[in-house]
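These numbers come from the heavy atoms of this one structure, side chains and all, not from hydrogens, waters or symmetry mates. Computed from a predicted model, the values in this text were never measured in an experiment.
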Amino acid sequence: MKPILNKILLMSCVGFLLVSSCKKDETKVVALQDAKPGQLNASATAMVLTKADAEKPAITFNFAKPDFGFDAAVTNTLQLDVKGNNFSKVKEVAFDAGVLTKTFTTLEFNALLLSMMLPTGVNTQIEARLKSQFVGTNETPVYSSVVNLTVNPYALTSFLYVPGAYQGWNPSTADSLLSATSNGIYVGILNFTPGNLGFKVLTKKSWGPPEYGQGTAAGSIAVGGGDLFAPSAGTFDVTINTNDNTIQFVPLVWSLIGNSPAGSNWSNDIDMMYNSANQTWTVTSTMSVGEFKFRKNHDWGTNFGDKTGDFILDTENDNNIKITSAGNYRIVLNLLSNTYTVTKL
């Protein structure tokens, strides 16, 4: 009797567990079907973003988490897309569980809009919604109602143009300084020729206000000021800060040194010329059979060679670049791609 009784009890327990499990699954399914989506609210629905407001708050999104009929840990994801796409090309920003508000600075929100490939300087209608999902599961998410936004982002990268005597005072062909994040700090390399040190700074490739010139103090600039002047002929790293209206010049040169370049003998540098059009350094030199390296500002603190001979710069020891045939060479250094070329003429 005991074996039979045990089998009956075992089957009863299994049946109870199956029924219990089915009830839990059923409850879960009903909860998902009857879930009330979360709500999304935005502090602004139309905005023209400007780099002058980069660090200021641009928009705040507030979330009200969905109601699944039971207490659940939920992650919220902000979804953005151009109006009319039906969220087929969505850009997402995920938030940790429990986060119910997010403020974007102008710089942050502008970068987010640019990542959506939106045009700059014009209004674009986009849509935002909240995607909510159980933490750590693949359950089908629920979505809030859509919030409509009209946005006008600015180009993140901006330029200043530097016409001067070194290039004939022509704004359309002037060298430029770059601000990678439009934060008011512009940097670039300028090469001033002897006797041609004067220049101005423009915000566009044509004459007209605002035109920056000399400020009242050394190292300062001002709108409407007289011509600015480089410290001397040569190549400089130039930094202009339009937040405090200052300008800074740092001498810059790359050169060859070694026992191959004529006149060097590992003690004298053979200076290269900066080419602003393609942002490379170039020199033509008589080279004998031997070796050389590139170095910055006539100092061993920063130097490059090529240990493997693949024309890619490296900083390893014993990485001198070898010349195996004497003659005249055109040597080009490209610091953007960390490569160089050696061409026998």
Undergrad: As an exercise, state the distance from NZ of Lys293 to OG1 of Thr315, rounded to the nearest 0.5 Å.
TA: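 Interatomic distance, Lys293 NZ to Thr315 OG1, rounded to 0.5 Å: 8.5 Å.
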
Undergrad: Taking the side chain as every heavy atom from C-beta outward, state whether Val187 and Val238 have any pair of such atoms under 4.5 Å apart.
TA: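 Result no, sub-4.5 Å side-chain heavy-atom pair not found.
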
Undergrad: Under the side-chain hydrogen bond (donor to acceptor under 3.5 Å, both in side chains) criterion, do Asn85 and Ser88 qualify, and how do the steps go?
TA: CA-CA 6 Å; Asn85 282 350; Ser88 62; 4.8 Å; no

Undergrad: Leu149 versus Gln125: any side-chain heavy-atom pair under 4.5 Å?
TA: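 A side-chain contact under 4.5 Å is absent here.
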
Undergrad: Taking only residues at least two apart or on different chains, which pairs with a member in residues 322-345 satisfy salt bridge (charged side-chain N to carboxylate O under 4.0 Å, His left out)?
TA: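 Residue pairs with at least one partner in residues 322-345: Glu291-Lys322.
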
Undergrad: I would like to know whether Asn265 and Asn259 meet side-chain hydrogen bond (donor to acceptor under 3.5 Å, both in side chains); could you show each step before the answer?
TA: CA-CA 4 Å; Asn265 198 28; Asn259 60 14; over 6 Å; no

Undergrad: Heavy-atom count check: over 12 atoms from other residues, nucleotides or ligands less than 6.0 Å from Gln39 CD?
TA: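 No, the 6.0 Å shell around CD holds no more than 12 heavy atoms from other groups.
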
Undergrad: Is the ring pair Phe61/Phe109 parallel, tilted or perpendicular, if the boundaries are 30 and 60 degrees?
TA: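 Because their plane-to-plane angle lies in the 30° to 60° range, the rings of Phe61 and Phe109 count as tilted.
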
Undergrad: Would you say Tyr143 and Gln79 make side-chain contact, with heavy atoms under 4.5 Å?
TA: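 Yes. Closest side-chain heavy atoms under 4.5 Å.
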
Undergrad: For the pair Leu228 and Val201, evaluate side-chain contact (heavy atoms from CB on, under 4.5 Å) and give the outcome as yes or no after the intermediate values.
TA: CA-CA 8 Å; Leu228 290 155; Val201 177; 3.9 Å; yes

Undergrad: State which residues pass salt bridge (charged side-chain N to carboxylate O under 4.0 Å, His left out) with Lys91; sequence neighbours excluded, sorted by chain then number.
TA: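 Lys91 satisfies salt bridge (charged side-chain N to carboxylate O under 4.0 Å, His left out) with no other residue.
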
Undergrad: Testing the 3.5 Å rule here: is there a donor-acceptor pair between the side chains of Asn41 and Asn62?
TA: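 The criterion, which ignores hydrogens and geometry beyond distance, is not satisfied for Asn62 and Asn41.
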
Undergrad: In Å and rounded to the nearest 0.5 Å, what is the CG to CG distance from Leu160 to Asp175?
TA: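 The CG atom of Asp175 is 13.0 Å from CG of Leu160, to the nearest 0.5 Å.
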
Undergrad: Determine which pairs satisfy side chain to side chain donor-acceptor pair (under 3.5 Å) with at least one residue from residues 278-288, sequence neighbours left out, and list them in order.
TA: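 Qualifying pairs: Asn278-Thr280, Thr286-Asn328.
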
Undergrad: Test: salt bridge (charged side-chain N to carboxylate O under 4.0 Å, His left out). Region: residues 47-63. Which pairs qualify, not counting sequence neighbours?
TA: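 Listed once each, the pairs are Asp53-Lys56.
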
Undergrad: Are any non-hydrogen side-chain atoms of Leu178 and Thr157 less than 4.5 angstrom apart?
TA: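 Side-chain contact under 4.5 Å: yes.
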
Undergrad: Let me see the working for Phe229 and Phe192 under ring pair (Phe, Tyr, Trp, His ring centres under 6.0 Å), right down to the final yes or no.
TA: CA-CA 10 Å; Phe229 291 91; Phe192 296 95; 9.9 Å; no

Undergrad: Would you sort out whether Lys200 and Trp207 count as a side-chain contact (heavy atoms from CB on, under 4.5 Å), showing the intermediate values?
TA: CA-CA 10 Å; Lys200 283 288 187 71; Trp207 295 110; 4.1 Å; yes

Undergrad: Check whether any side-chain heavy atom of Val142 sits under 4.5 Å from a side-chain heavy atom of Leu130, and report yes or no.
TA: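 No. Closest side-chain heavy atoms not under 4.5 Å.
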
Undergrad: State plainly whether one hydrophobic cluster holds both Val342 and Ile312, where clusters connect Ile, Leu, Val, Met, Phe, Trp and Tyr through side-chain heavy atoms under 4.5 angstrom apart.
TA: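 Different hydrophobic clusters.
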
Undergrad: As a quick check of understanding, evaluate side-chain hydrogen bond (donor to acceptor under 3.5 Å, both in side chains) for Thr339 and Ser337, giving each step before the final call.
TA: CA-CA 5 Å; Thr339 60; Ser337 61; 2.6 Å; yes

Undergrad: Any chain of hydrophobic side-chain contacts (each under 4.5 Å) joining Leu107 to Leu49?
TA: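 Same cluster.
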
Undergrad: How close do Trp169 and Gln167 get, counting heavy atoms only, and between which atoms?
TA: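 Taking every non-hydrogen atom into account, N-OE1, 3.2 Å.
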
Undergrad: List the residues meeting side-chain hydrogen bond (donor to acceptor under 3.5 Å, both in side chains) with Asn338, not counting sequence neighbours, and say none if there are none.
TA: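 For Asn338 there are no side-chain hydrogen bond (donor to acceptor under 3.5 Å, both in side chains) partners, ignoring immediate neighbours.
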
Undergrad: Apply the test side-chain contact (heavy atoms from CB on, under 4.5 Å) to residues Val250 and Phe236: give CA-CA distance (whole Å), side-chain angles for both, the deciding distance (0.1 Å), then the verdict.
TA: CA-CA 5 Å; Val250 177; Phe236 294 88; 6.0 Å; no

Undergrad: Sort and list the pairs that fulfil side chain to side chain donor-acceptor pair (under 3.5 Å) and have at least one residue in residues 209-218, not counting sequence neighbours.
TA: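 Every candidate side chain to side chain donor-acceptor pair (under 3.5 Å) pair involving residues 209-218 fails, so no pair, neighbours aside, qualifies.
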
Undergrad: With a 4.5 Å limit on heavy-atom distance, are the side chains of Val151 and Leu118 in contact?
TA: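 Yes; the side chains approach each other to less than 4.5 Å.
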
Undergrad: In the structure I gave you, are the side-chain heavy atoms of Ser179 and Ser158 within less than 4.5 Å of one another anywhere?
TA: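 Side chain of Ser179 against side chain of Ser158, heavy atoms only: contact under 4.5 Å found.
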
Undergrad: Specify the closest pair of heavy atoms between Lys89 and Asp81, including all atoms of both residues, with the distance to one decimal.
TA: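 Residues Lys89 and Asp81, closest heavy atoms: N-OD2, 3.0 Å.
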
Undergrad: Taking a hydrophobic cluster as the set of Ile, Leu, Val, Met, Phe, Trp and Tyr residues connected by side-chain heavy atoms closer than 4.5 Å, whether directly or through intermediates, do Met47 and Met116 fall within one such cluster?
TA: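 The answer is yes; both residues are in one hydrophobic cluster.
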
Undergrad: What's the separation between atom CG in Asp314 and atom CG in Asn319, rounded to the nearest 0.5 Å?
TA: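 One gets 4.5 Å once the value is rounded to the nearest 0.5 Å.
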
Undergrad: Which atom names give the shortest non-hydrogen contact between Ala233 and Leu197, and what distance separates them?
TA: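 Ala233 and Leu197 have their closest heavy atoms at N-CD2, 3.6 Å.
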
Undergrad: How are the rings of Phe292 and Phe294 set relative to one another: parallel (under 30°), tilted (30 to 60°) or perpendicular (over 60°)?
TA: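 If you compare the ring of Phe292 with that of Phe294, the planes turn out perpendicular.
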
Undergrad: According to ring-ring contact (aromatic ring centres under 6.0 Å, His included), does anything in residues 316-338 pair up with another residue at least two apart or in another chain? List the pairs.
TA: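 Qualifying pairs, neighbours excluded: none.
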
Undergrad: Go through it in stages, so that I can follow the logic: the residues are Val283 and Ile270, the test is side-chain contact (heavy atoms from CB on, under 4.5 Å), and I'd like the CA-CA distance, side-chain angles, deciding distance and then a yes or no.
TA: CA-CA 8 Å; Val283 67; Ile270 309 302; 4.1 Å; yes

Undergrad: Could you work out, with side-chain hydrogen bond (donor to acceptor under 3.5 Å, both in side chains) as the rule, every residue matching Asn245, not counting sequence neighbours?
TA: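 In terms of side-chain hydrogen bond (donor to acceptor under 3.5 Å, both in side chains), with neighbours along the sequence ignored, Asn245 is linked to no residue.
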
Undergrad: Just grab all the side chain to side chain donor-acceptor pair (under 3.5 Å) pairs involving residues 229-244, residues at least two apart or on different chains.
TA: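 Applying side chain to side chain donor-acceptor pair (under 3.5 Å) to every pair that reaches into residues 229-244, excluding sequence neighbours, yields Asn191-Thr235, Asn241-Asn243, Asp244-Thr246.
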
Undergrad: Is there side-chain contact between Met272 and Tyr274, with at least one heavy-atom pair below 4.5 Å?
TA: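 Met272 vs Tyr274: side chains apart.
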
Undergrad: Does any pair with a residue in residues 260-271 pass salt bridge (charged side-chain N to carboxylate O under 4.0 Å, His left out), and if so which ones, sequence neighbours excluded?
TA: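 Sorted result for residues 260-271: Asp269-Arg295.
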
Undergrad: If you measure from CG on Asn148 to OG1 on Thr45, what distance do you get to the nearest 0.5 Å?
TA: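 So the CG of Asn148 and the OG1 of Thr45 are separated by 9.0 Å.
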
Undergrad: Where do Trp254 and Phe304 land on the ring pair (Phe, Tyr, Trp, His ring centres under 6.0 Å) test, with the steps shown first?
TA: CA-CA 10 Å; Trp254 281 88; Phe304 294 118; 5.5 Å; yes

Undergrad: Scan residues 104-123 for pairs that pass salt bridge (charged side-chain N to carboxylate O under 4.0 Å, His left out), counting only residues two or more places apart or in two chains.
TA: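 Sorted result for residues 104-123: empty, none.
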
Undergrad: Please round to the nearest 0.5 Å and tell me the distance separating atom CG of Leu114 and atom CG of Leu156.
TA: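 So the CG of Leu114 and the CG of Leu156 are separated by 6.0 Å.
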
Undergrad: To check you understand the geometry: which heavy-atom pair defines the closest contact between Leu256 and Ser264, and what is its length?
TA: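 Leu256 and Ser264 have their closest heavy atoms at O-OG, 4.4 Å.
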
Undergrad: Could you tell me the separation between the OH atom of Tyr154 and the OG1 atom of Thr106, rounded to the nearest 0.5 Å?
TA: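 Taking OH in Tyr154 and OG1 in Thr106, the distance rounds to 6.5 Å.
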
Undergrad: If you link I, L, V, M, F, W and Y whenever their side-chain heavy atoms are under 4.5 Å apart, who else ends up in the same group as Val146?
TA: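 Members besides Val146, by chain and number: Phe87, Val90.
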
Undergrad: Under the side-chain hydrogen bond (donor to acceptor under 3.5 Å, both in side chains) criterion, do Tyr186 and Ser176 qualify, and how do the steps go?
TA: CA-CA 9 Å; Tyr186 298 79; Ser176 61; over 6 Å; no

